[in-house]
Amino acid sequence: MRLKQLLLFAVLLSPIVSFSQLPDNFGQLTPFEQTIESYPNDTTANAVVLYERGDNYFKVVNRKIRLIKEYHGKIKIFNEKAFDWGTVEILLYHNTNASEKLAKLSAMTHSKDGQFRVLPTEVFTTTLSEHWDQKKFTFPKLEPGSVLEYTYTIETPFDFNFTGWGFQTSIPVLYSEFNAKIPGNWVYNRSLTGPFELDVNEAKVKKNCFHIEGIAKDADCEVLKYVMKDIPAFKVDEDYMLGASNYRASIDFELSEYKSFKGTSQKFTKSWKDVDREFRGDKDIGRQLTKKGFFEKNVPEQLLVEGDELTRAKNIFKFVQTYFTWNEEMGIYGKARVKEAFAKKSGNVTEINSSLINLLNAAGIKANLMLLSTRRRGLPKKVHPVMSDFNYSIAKIEIAGKTYLLDATDKYVAFGMLPFRALNHYGRVMDFKNESYWQNIVPVLNNRLQIRTHLKLDLEKNKGIGIFDRINLGYNAVNTREIIDQYSEDEYLDTIEDANDGDFVVTSYDLRKDSNHETKVSERFGFELENIGNGETIYLNPFLVRFFEQNPFLLDERHYPVDFGYPRKYRYSINITIPEGYEVQELPEVQSVQLGDKMVVFKFYHKESSNQVALTFDLDLNSSHIKAEDYQGLKDVFKHVTDVQNNSLVVLKKL
């Protein structure tokens, strides 16, 4: 519910924009709202939400129960960088049976030259898909200092659209208020997400507040008020975080039960036993896991019988991984047909991994479906089943007491590895013969990038000549194999040169296939380093390859954890042969820093002999999940990391 983007379940926008029944204070700015030029708590903010309020309640409209959603918001634009906030995009949902109605919308720009309204003809509609339309408008007369204000009311027949309220967005919010009035017929689970407490948290009962004609007894209502003030911007660091919905401040509602006015009731929150029972008979999931007879007839017999359990499991995994092409569709609901996918040699994540499960079971290896959520989504709730939390499925097996989690959609991951997108801490194993249970996701631990460099200086030709060996292990190897396959060798070597200083030229390349496998890629590069100098003094940065050219952690503060996905280790070593007639005058400072109990460890050291100097850089990210309270310490470690790589000098002086 933001000016930048509004995700609402709604459909057709009324062709006439109504300006009636506006909030009492609509169109009025306080002196503070008019004059504020920056946000004191975050002077880097390009804009700030001055005020927003939402009111949700149930109402009888034309003898039908409707959920009413009212919204009113104001935002102050400080500079041109925030002009994107002047465009509102509303995603509107509809189905064949019912739709929502945007009953009234009013929007205006407050500027120094007056008030400028958004006209009905300036609201545009685009059809995005079968169920989704987009309504879009832009505030007129945008300029630094403008205040954008708008209000709307949604009338919806969908009680599941009572989803809650988001307090936090990508710019600071001064004041955010959510009010709700819920008749006792509707029961919702609710949860507060994010690190901030509510400034106002009120709940009380209003007697006889909801009346339906023909129903003798009026319903009592729960009246809620939630307020947060001075909420900092949620600044996304997409490279090192899970889904933002895990951490952004919000109050979330989920329909648990509906008690009709006729005395019947329907439960929406179920136990895992209920879910297990439904999954067994579901034609798109449960029944697709009972097709082992089909696969026995359609794959080579030796695939299912040759070797011990682990050998058969690995061979089956490789077969499915190679045979199918993932169509990049996720989700656990919707059509899933393993026979059709087998015929097409292509399918969604459920079809491919259900095929894998069928084949494993056909080979006498017990395999179960495991549901999870990808990293870009929120973590599944553990308190009770919320099936919409899950959007991905994999296979889980156990051989000789060891658990293996398998996903055959990715052509590059090894047996027992999951694609990075699936490293989301835990999932739910659907053991249809017993009860389902939670299973932790433990990533492969040995993920290393190691570079060994030998450099000899040829001062007569004003260049350095050397080799460097690069060894990638674990997920680093998976990523490297995928990159190598995307390019020709010349294109690939161009990317290596582009990643280094302009005077770095690759002269030879050897992909050491004899020592490589799924979790190891070993490469040797011959190179020349031009324009190194040949005067009385030579200055050389020993880092010909840099892991982090700049600190990836630059936020002043971060209220959510850093999540690397898997532990990582980096090692860079270089051995420099000192040219005859020169000696080492200066070496970089030795450093050693760490975060906590070796969660992150950084060391930089060197060793000198008569004609050589060796420097070593070690960075171990031993913990893949760093809590928010450790962010400043992590940021400080990486300050040392980037400073050493960018500013180290080996100084050689002529004798």
Side-chain angles (χ1 to χ4, degrees), residues 238-243 246 285 289 310 313-332 347-357 359-360 365-380 389-399 402-431 436-448 472-483 517-521 563-568 621 623-625:
E238 294 185 348
D239 289 336
Y240 303 112
M241 67 176 292
L242 299 180
N246 290 304
I285 301 178
L289 301 174
L310 185 58
K314 288 183 176 180
N315 290 339
I316 289 169
F317 175 78
K318 177 56 69 175
F319 172 84
V320 176
Q321 188 182 39
T322 305
Y323 183 87
F324 286 96
T325 297
W326 181 41
N327 61 17
E328 299 192 7
E329 291 182 6
M330 301 187 194
I332 61 169
N348 59 40
V349 64
T350 300
E351 290 169 331
I352 292 175
N353 286 328
S354 293
S355 299
L356 173 63
I357 292 169
L359 278 169
L360 290 166
I365 302 167
K366 183 182 178 183
N368 293 118
L369 182 77
M370 178 168 161
L371 306 179
L372 52 87
S373 172
T374 51
R375 289 177 61 85
R376 292 299 184 197
R377 290 168 63 97
L379 285 163
D389 285 352
F390 300 95
N391 72 324
Y392 207 80
S393 62
I394 61 173
K396 182 259 180 182
I397 63 174
E398 188 172 311
I399 297 176
K402 183 176 180 179
T403 295
Y404 298 90
L405 304 181
L406 307 175
D407 182 355
T409 63
D410 192 303
K411 300 291 187 185
Y412 295 95
V413 297
F415 180 87
M417 293 180 73
L418 294 179
F420 182 73
R421 59 180 171 269
L423 298 180
N424 202 20
H425 293 266
Y426 56 84
R428 187 80 180 184
V429 178
M430 309 304 293
D431 187 341
S436 62
Y437 56 90
W438 293 107
Q439 173 73 44
N440 289 333
I441 296 172
V442 180
V444 173
L445 299 180
N446 188 19
N447 307 287
R448 177 185 291 270
N472 280 284
L473 299 174
Y475 280 100
N476 299 74
V478 170
N479 297 335
T480 301
R481 288 173 58 224
E482 187 171 2
I483 292 171
H517 49 76
E518 290 175 315
T519 57
K520 180 182 179 182
V521 177
D563 195 287
F564 293 107
Y566 52 85
R568 310 171 185 213
L621 307 177
S623 177
S624 61
H625 193 79

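Only heavy atoms go into these numbers, but all of them, side chains included; no hydrogens, no water, no symmetry mates. Here the structure is a predicted model, which means the values were calculated and not measured.
- Among residues two or more places apart in sequence or in another chain, the side-chain hydrogen bond (donor to acceptor under 3.5 Å, both in side chains) test is passed with Gln439 by none.
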### Task
Before giving the answer on side-chain contact (heavy atoms from CB on, under 4.5 Å), spell out for Ile357 and Leu369 the whole-Å C-alpha distance, their side-chain angles and the decisive distance to 0.1 Å.
CA-CA 7 Å; Ile357 292 169; Leu369 182 77; 3.9 Å; yes
### side-chain contact (heavy atoms from CB on, under 4.5 Å) evaluation trace for Asn476 with Tyr566
CA-CA 10 Å; Asn476 299 74; Tyr566 52 85; 4.3 Å; yes
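- Listed here is the closest heavy atom pair of Ile397 and Ala367: CG2-CB, 3.6 Å.
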Sequence neighbours excluded and cut-off under 3.5 Å, please list the side-chain donor-acceptor pairs for residues 412-423, or say none.
{"from": "Tyr412", "atom 1": "OH", "to": "Asp485", "atom 2": "OD2", "distance (Å)": "3.1"}
{"from": "Arg421", "atom 1": "NE", "to": "Tyr392", "atom 2": "OH", "distance (Å)": "2.9"}
{"from": "Arg421", "atom 1": "NH2", "to": "Tyr392", "atom 2": "OH", "distance (Å)": "3.3"}
{"from": "Arg421", "atom 1": "NH2", "to": "Thr409", "atom 2": "OG1", "distance (Å)": "2.9"}

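- By the side-chain hydrogen bond (donor to acceptor under 3.5 Å, both in side chains) test, Asn472 pairs with Thr480, sequence neighbours left out.
- How far CZ of Phe324 is from CD1 of Ile352: 6.5 Å, rounded to the nearest 0.5 Å.
- The closest donor-acceptor contact from the side chain of Asn246 to the backbone of Leu379 lies under 3.5 Å.
- A heavy-atom distance below 4.5 Å is found between the side chains of Thr403 and Leu405.
- Note on residues 422-431: pairs passing salt bridge (charged side-chain N to carboxylate O under 4.0 Å, His left out), not counting sequence neighbours, are Lys366-Asp431.
- Ion pairing between a basic and an acidic side chain is recognised when a charged N comes within 4.0 Å of a carboxylate O; Lys318 and Glu518 show such pairing.
- Between Leu356 and Ala408, the shortest heavy-atom distance links the atoms CD2-CB, 4.3 Å.
- Judged as a salt bridge (charged side-chain N to carboxylate O under 4.0 Å, His left out), and not counting sequence neighbours, the contacts of Lys396 are Glu398.
- The shortest distance between side-chain heavy atoms of Trp438 and Pro380 falls below 4.5 Å.
- We find the OG-CG distance between Ser354 and Asn348 to be 8.0 Å, quoted to the nearest 0.5 Å.
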### Task
Under the side-chain contact (heavy atoms from CB on, under 4.5 Å) rule, what do Val320 and Leu359 come out as? Steps first, then yes or no, please.
CA-CA 9 Å; Val320 176; Leu359 278 169; 3.6 Å; yes
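- Between Ser373 atom OG and Asn391 atom CG the span is 5.0 Å, to the nearest 0.5 Å.
- Considering CE of Met330 and CZ of Phe390, their distance stands at 15.5 Å, rounded to 0.5 Å.
- Leu372 CG to Ile441 CD1: the interatomic distance, rounded to the nearest 0.5 Å, is 5.0 Å.
- Residues satisfying the salt bridge (charged side-chain N to carboxylate O under 4.0 Å, His left out) criterion with Glu329, sequence neighbours excluded, are absent altogether.
- In this view, Arg377 satisfies the salt bridge (charged side-chain N to carboxylate O under 4.0 Å, His left out) rule with no residue, not counting sequence neighbours.
- A pairwise comparison of heavy atoms in Pro567 and Leu445 identifies CG-CD2, 3.9 Å as the closest pair.
- Nearest approach of Tyr426 to Met370, heavy atoms of both residues: C-CE, 4.4 Å.
- With sequence neighbours excluded, the residues satisfying side chain to side chain contact (heavy atoms under 4.5 Å, CB included) with Lys411 are Thr325.
- Applying the side chain to side chain contact (heavy atoms under 4.5 Å, CB included) test to Asp563 and every residue at least two apart in sequence or in another chain returns Leu242, Arg375, His425, His625.
- Between the Asn353 side chain and the Ser393 main chain, a donor and an acceptor come within less than 3.5 Å of each other.
- With rounding to the nearest 0.5 Å, the separation of CZ in Phe317 from CD1 in Ile365 is 13.0 Å.
- Not a single side-chain hydrogen bond (donor to acceptor under 3.5 Å, both in side chains) links Ser624 to another residue, sequence neighbours left out.
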### Task
Could you go through the side-chain contact (heavy atoms from CB on, under 4.5 Å) check for Ser436 and Val429 one step at a time?
CA-CA 5 Å; Ser436 62; Val429 178; 6.0 Å; no
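- With sequence neighbours left out, the salt bridge (charged side-chain N to carboxylate O under 4.0 Å, His left out) criterion links Asp410 to no other residue.
- Scanning all heavy atoms of the two residues, the minimum distance from Pro443 to Tyr475 falls at CB-CE1, 4.5 Å.
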